**Student:** 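My questions all concern the structure below.
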Amino acid sequence: MENTVHAIEFRNISKHFGSVIANNHVNLYVDHGVVMAILGENGSGKTSLMNMVAGIYYPDEGEIFVEGEKVTIKTPKDAFNYGVGMIHQHFKLIEVFTAAQNIVLGLEDEKMDMKLIASKVKDIASKYGFDIDPNKKIYDMSVSEKQTVEIIKVLYRGVDILILDEPTAVLTPQETEKLFNVLRSMREQGKTVIIITHKLNEVMEISDVVAVMRKGEHIKTVRTKETNPDALTEMMVGHQVTLDIERKTPVDIKPRITVADLSVRDNEGNFKLKDVGFIAYGGEILGIAGIAGSGQKELLESIAGLRRVATGSIIYSPEGRSTSNLVGKTPLEIREAGVAMAFVPEDRLGMGLVGGMGMTDNMMLRTWRSNKGMFVDRKEPKELAEVILNDLEVKTPSVEYPVRKLSGGNVQKVLVGREIASNPSVLMSAYAVRGLDINTSYTIYNLLSDQKDKGVAVIFVGEDLDVLLQLCDRIMVLNEGRVAGIVDARVASKEEIGLLMTKNMEEGVH
């Protein structure tokens, strides 16, 4: 009989949201002084489970033990009292306050001696290897610095168990390595660290043990050194998945989209893109990398005719026909000019699909103008919808079921499938696999690679640098709305791209 006292133990935990089962009789424990990764796909229940020990949710069934004691945690304050703190994906900081002010916010018994508080903050930072200015305003901070404030905020409250939800989602490789060094330091000093993630390479790098979740259930906990990415993926998905992206060498590439001196302003007159220039070739995949908000969205929307351009040109070069400047044209005018362009936007329902329509009618949005006469032919769109449903395993009651009622991942499958099926000469994609399971993600990657083989110019905005390096032929890095560099994906490193993502653009673009 095991008598070990665990840092956290979940016994028979279940949580429902209406008819959705987020967690189903989960039994799981976390030991002291380890870094545990909670691994699973979107919707696997990993965040819901951790939210229950952090005081965000309350279980419908089951018991939670902290340090061997059965506990009732209904608020984050309760969690802090038991030494548990959670860092969420979306930071909860007040922008106009300093780091120190945010760190002590909500502490009733804390004397507001900011000099003393700043000294305590520096002591914590020194102990674990953080780099922070307690007096710096949040609005002046990078994403990494804001995350540091959130971590120190819970450490200031004396937690021994730290939970981080997708902590590297918006970090550069260099910032990720700094964070991992801090987490290793915390482990060495006896803290328990739990990372919620879906990134296999990071699981292998930072964790001691891995707990795998699938469809709300705890599948297995394994020692990291005794497993590998293929085995973990099989546990996550329930069947074997090949984690390979087939990248062929581009052949007979031709200019398709030539962007020169492109500048775009927002509604306040601030530059979102500044003097951007590049060529996207038919027969290659051009990746776009950058910290979130670096101009990726504005670039694709400008090319698609969805955003007003301040200056510059966007030249489309079709096969055997004269070139056309797309600046100033609407999406319909671009299509009527003979530009075969497909666009998978970041906002799936806002700009990509009509939520109240089913798959068939959303397929028809691509074809209805070509219909002759007063009657609309639904046969071909319905056949296409059925093909996409089967090939991409879209989970829907029928092809007539409103897409707004589908999960985010299934909405993405519908949109990506439709755009690829339109036989474009230019295909642009913003975060095409966000929210998708691993199996479907790799299906999409290889579909994009197939488009390259057909001579299509693929422009792919992604957030996973490992995928960008495996999938793309070249990668253009955007930094503060400017081109920081364009690299050969076959020889570039994550570190090289990370430096371009964070370089000081005031020193000039080379």
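Bear in mind the structure is a predicted one, so any value in this text is a computation, not a measurement.
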**Student:** Do the non-hydrogen side-chain atoms of Tyr431 and Glu463 ever get within less than 4.5 Å of each other?
**Tutor:**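 Tyr431 reaches Glu463 side chain to side chain.
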
**Student:** Evaluate side-chain contact (heavy atoms from CB on, under 4.5 Å) for Leu164 paired with Ile151, printing each intermediate quantity in order.
**Tutor:** CA-CA 9 Å; Leu164 299 101; Ile151 295 173; 3.9 Å; yes

**Student:** Within the structure provided, determine whether Tyr316 and Ile303 are in side-chain contact (heavy-atom separation under 4.5 Å).
**Tutor:**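 No. Closest side-chain heavy atoms not under 4.5 Å.
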
**Student:** Do Pro250 and Asp473 come within less than 4.5 Å of each other through their side chains, counting heavy atoms only?
**Tutor:**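 Yes, their side chains come closer than 4.5 Å.
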
**Student:** Should the heavy atoms of other residues, nucleotides or ligands under 6.0 Å from NZ of Lys178 be counted, would the total exceed 12?
**Tutor:** no

**Student:** Salt bridge or not for Lys136 and Glu145, using N-O below 4.0 Å?
**Tutor:** yes

**Student:** Are the side chain of Asn479 and the backbone N or O of Arg482 linked by a donor-acceptor pair below 3.5 Å?
**Tutor:** no

**Student:** Taking the side chain as every heavy atom from C-beta outward, state whether Val210 and Met36 have any atom pair closer than 4.5 Å.
**Tutor:**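 No, every pair of side-chain atoms sits at 4.5 Å or beyond.
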
**Student:** Go through the steps to decide whether Met364 and Met357 satisfy the test side-chain contact (heavy atoms from CB on, under 4.5 Å), and finish with yes or no.
**Tutor:** CA-CA 10 Å; Met364 288 176 61; Met357 292 181 177; over 6 Å; no

**Student:** Walk me through it: do Val26 and Asn23 pass the test side-chain contact (heavy atoms from CB on, under 4.5 Å)?
**Tutor:** CA-CA 7 Å; Val26 174; Asn23 294 114; 4.1 Å; yes

**Student:** Which residue in the set Asp261, Thr258, Val259, Asn325 passes side-chain contact (heavy atoms from CB on, under 4.5 Å) when paired with Ser313?
**Tutor:**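 Answer after filtering Asp261, Thr258, Val259, Asn325: Asn325.
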
**Student:** Checking Thr360 against Glu400: is there a side-chain donor and acceptor pair closer than 3.5 Å?
**Tutor:**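 There is such a pair (donor and acceptor under 3.5 Å, judged by atom type) between the side chains of Glu400 and Thr360.
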
**Student:** Which heavy atom in Ala489 sits nearest to a heavy atom in Cys472, and how many Å separate them?
**Tutor:**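 Here Ala489 and Cys472 meet closest at CB-O, 3.2 Å.
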
**Student:** Measure across Ile444 and Ala432 and return the closest heavy-atom pair with its distance rounded to 0.1 Å.
**Tutor:** CG2-CB, 4.3 Å

**Student:** Does Glu284 reach the main-chain N or O of Ala457 with its side chain, forming a donor-acceptor pair under 3.5 Å?
**Tutor:**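 Not a single qualifying donor-acceptor pair exists.
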
**Student:** Atom CZ of Phe130 and atom CG of Asn181: how far apart are they, to the nearest 0.5 Å?
**Tutor:** 11.0 Å

**Student:** What is the distance from atom CD of Gln296 to atom CG of Leu273, rounded to the nearest 0.5 Å?
**Tutor:** 9.0 Å

**Student:** Distance from Ile291 atom CD1 to Glu480 atom CD, nearest 0.5 Å?
**Tutor:** 8.5 Å

**Student:** May I ask you to say whether Arg184 pairs ionically with Glu205, meaning some side-chain N is under 4.0 Å from a carboxylate O?
**Tutor:**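 A salt bridge is present here (some side-chain N lies under 4.0 Å from a carboxylate O).
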
**Student:** Kindly indicate whether the side chain of Asn362, heavy atoms from C-beta on, has any atom under 4.5 Å from the side chain of Arg418.
**Tutor:** yes

**Student:** Any donor-acceptor pair under 3.5 Å linking the side chain of Lys46 with the backbone of Glu41?
**Tutor:** yes

**Student:** Would you check if the side chain of Thr176 reaches a backbone N or O of Thr172 as a donor-acceptor pair within less than 3.5 Å?
**Tutor:**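 Confirmed, Thr176 side chain pairs with Thr172 backbone.
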
**Student:** Are Thr224 and Ser207 linked by a side-chain donor-acceptor pair shorter than 3.5 Å?
**Tutor:**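 Note: Thr224 and Ser207 side chains meet the donor-acceptor criterion.
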
**Student:** Got a sec: does the CG of Asp450 have more than 12 other heavy atoms crowding it under 6.0 Å?
**Tutor:**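 Atom CG in Asp450 is packed in, count exceeds 12.
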
**Student:** Any Lys/Arg nitrogen of Lys413 or Glu419 sitting under 4.0 Å from an Asp/Glu carboxylate oxygen of the other?
**Tutor:**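 The answer is no: the pair does not qualify as a salt bridge.
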
**Student:** Considering only heavy atoms from C-beta outward, does the side chain of Met363 approach that of Val414 to under 4.5 Å?
**Tutor:**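 A side-chain contact under 4.5 Å exists here.
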
**Student:** Before you tell me yes or no, could you show the steps for Glu202 and Thr168 under side chain to side chain donor-acceptor pair (under 3.5 Å), namely the whole-Å CA-CA distance, both residues' side-chain angles and the distance that decides it to 0.1 Å?
**Tutor:** CA-CA 9 Å; Glu202 294 180 357; Thr168 67; 2.6 Å; yes

**Student:** Output the distance between atom OG (Ser449) and atom OH (Tyr442), rounded to the nearest 0.5 Å.
**Tutor:** 13.0 Å

**Student:** For Val399, is there any backbone N or O sitting under 3.5 Å from a side-chain donor or acceptor partner on Thr396?
**Tutor:**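 The answer is no, because no donor-acceptor pair under 3.5 Å joins these two groups.
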
**Student:** When you measure from the side chain of Asn446 to the backbone of Glu246, do you find a donor-acceptor pair of N or O atoms at a distance under 3.5 Å?
**Tutor:**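 Side chain of Asn446 to backbone of Glu246: a pair is present.
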
**Student:** If you measure from the Lys or Arg side-chain nitrogens to the Asp or Glu carboxylate oxygens, is any gap between Asp208 and Lys225 under 4.0 Å?
**Tutor:** no

**Student:** First locate atom CG of Leu389, then atom CG of Leu392, and finally report the distance between them rounded to the nearest 0.5 Å.
**Tutor:** 9.0 Å

**Student:** Give the minimum heavy-atom separation between Tyr445 and Leu471, together with the two atoms involved.
**Tutor:**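 Distance-wise, the nearest heavy atoms are O-CD1, 3.5 Å.
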
**Student:** Look at the side chain of Glu383 and the backbone N and O of Glu380, then say whether any donor-acceptor pair between them is shorter than 3.5 Å.
**Tutor:** no

**Student:** Answer yes or no: is there an ion pair linking Arg474 with Asp488, defined by an N-O contact shorter than 4.0 Å?
**Tutor:**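 The answer is no: the pair does not qualify as a salt bridge.
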
**Student:** Quick one, Val426 with Val456, criterion side-chain contact (heavy atoms from CB on, under 4.5 Å). Give me CA distance, side-chain angles, the key distance, then yes/no.
**Tutor:** CA-CA 6 Å; Val426 178; Val456 177; 5.7 Å; no

**Student:** Search all heavy atoms of Met236 against all heavy atoms of Gly40 and return the closest pair with its distance.
**Tutor:**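 Nearest pair, atom of Met236 first, then Gly40: CE-C, 3.8 Å.
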
**Student:** Which residue, Leu427, Ile475, Val458, forms the side-chain contact (heavy atoms from CB on, under 4.5 Å) with Ile285?
**Tutor:** Val458

**Student:** Should we count NZ of Lys382 as having more than 12 external heavy atoms under 6.0 Å?
**Tutor:**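 Not more than 12 within 6.0 Å, no.
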
**Student:** With heavy-atom distances below 4.5 Å as the criterion, would you say the side chains of Met213 and His218 are in contact?
**Tutor:** yes

**Student:** Check the side chains of Glu150 and His88 for a donor-acceptor pair under 3.5 angstrom, ignoring hydrogens and angles.
**Tutor:** no

**Student:** With rounding to the nearest 0.5 angstrom, report the CD1 to CG distance, Ile314 to Leu299.
**Tutor:**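 Ile314 atom CD1 to Leu299 atom CG measures 7.5 Å (nearest 0.5 Å).
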
**Student:** Ser302 and Val309: which non-hydrogen atoms are nearest, and at how many Å?
**Tutor:** CB-CG2, 4.0 Å

**Student:** If we ignore angles and hydrogens, is there a donor and acceptor under 3.5 Å between the side chains of Asn24 and Glu217?
**Tutor:** yes

**Student:** If only atom types and distance count, is the side chain of Arg307 paired as donor or acceptor with the main-chain N or O of Val264 below 3.5 Å?
**Tutor:** no

**Student:** Heavy-atom count check: over 12 atoms from other residues, nucleotides or ligands less than 6.0 Å from Arg223 CZ?
**Tutor:** no

**Student:** When you look at CD of Glu495, are more than 12 heavy atoms from neighbouring residues, nucleotides or ligands closer to it than 6.0 Å?
**Tutor:**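 Yes, the 6.0 Å shell around CD holds more than 12 heavy atoms from other groups.
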
**Student:** Minimum heavy-atom separation for Ala492 to Val487, with atom names?
**Tutor:**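 Looks like CB-CG2, 3.7 Å.
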
**Student:** Please tell me if the side chains of Leu499 and Gln174 come closer than 4.5 Å, counting only heavy atoms from C-beta onward.
**Tutor:**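 Leu499 vs Gln174: side chains touch.
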
**Student:** Taking Glu95 first and then Lys146, would you say they form a salt bridge - that is, a charged N and a carboxylate O separated by under 4.0 Å?
**Tutor:** yes

